[in-house]
Amino acid sequence: MIVSRFLDEDDELARHLVRQLNTPLDWPEDEGLNTGQVAKIASAAACDVAYNQAANGHLADLFTVLPLPGTPEGDKFWRSLGEAGGDATLYIDPGNAGGPFFDRLVDSNEAGIADRVLSFLGDLDDRQRDAVAEVIGDVLAQERFAGSSRYLGRLWLRDAETTAWYVLLASRKTHETEDDHKRFFEAWGNA
């Protein structure tokens with residue numbers, strides 16, 4: 001929606017398609033879609049897909065800095081995290097998350113992972129959140145990130161929470177219809 005307002009037949013993507021595909025902007029003449037229209041479609045699709053994939057990729061990246069499950073360090077870490085976070089940790093615990101936790105991202109179940117992360121964080125009380133931040137921060141401090149372990153842990157939690165929210169927000173868009181968009185603009189236009 002936003003993309004289409006700023007693209008025209010001379011936009012950067014259309015010019016790129018002309019160079020890469022060796023097609024004039026009005027190709028094919030009088031035959032349906034032209035290069036500029038293809039560029040608009042590609043831009044709109046790339047915005048939605050890239051935003052969703054970037055958020056999911058970032059969510060997975062946050063977990064890559066944590067010790068791997070099934071390793072001595074990982075076993076110690078996940079046990080410590082469980083002690084710090086209590087039952088809330090079960091949402092993201094590798095043994096309880098159903099094995100192929102991140103494989104679900106490939107199978108387009110991004111919201112399921114994000115729901116689990118938000119449920120984990122939402123169920124922590126303030127004391128548990130501080131304890132979890134400390135456990136995560138201790139690991140991050142060993143990875144040579146700058147800052148105190150408590151601060152690093154808080155950054156990780158804040159980033160995981162915000163990223164999971166982005167994933168849920170992006171996945172909501174897949175269920176919106178043109179009528180939903182019209183209703184939105186009409187309601188705000190009439191306010």
Flag yes if more than 12 heavy atoms outside Y151 fall under 6.0 Å of its OH atom; otherwise flag no. no
Separation between CG of L118 and CD1 of I113, rounded to the nearest 0.5 Å: 12.0 Å
When every non-hydrogen atom of V139 is compared with those of L66, the smallest separation belongs to CG1-CA, 4.5 Å
Is there any salt bridge (Lys or Arg N to Asp or Glu O under 4.0 Å) pair reaching into residues 118-138, and which pairs are they, with sequence neighbours excluded? R129-E161, D130-R154, E134-R150
Shortest non-hydrogen contact from L62 toward W156: O-NE1, 2.7 Å
Judged by atom type as modelled, is there a donor-acceptor pair below 3.5 Å linking the side chain of N190 to the main-chain atoms of E186? yes
So do T89 and Q128 actually touch side chain to side chain, heavy atoms under 4.5 Å? no
Taking every non-hydrogen atom, the tightest pair across V135 and A84: CG2-CB, 3.9 Å
Which heavy atom of P67 sits nearest a heavy atom of W78, and at what distance? O-NE1, 3.3 Å
What's the separation between atom CZ in R158 and atom CG in L121, rounded to the nearest 0.5 Å? 12.0 Å
Provide the closest heavy-atom pair for A88 versus F120 in the form atom of the first, atom of the second, distance. O-CD1, 3.3 Å
Closest non-hydrogen contact found for L81 with I92 is CD2-CD1, 4.2 Å
In terms of hydrophobic clustering (I, L, V, M, F, W, Y; side-chain heavy atoms under 4.5 Å; direct or indirect links), are V117 and L90 co-clustered? no
Roughly how far apart are L59 CG and T64 OG1, rounded to 0.5 Å? 10.5 Å
Check for me, please, whether L68 and F77 land in the same ILVMFWY cluster - side-chain distances under 4.5 Å, paths through other members count. no
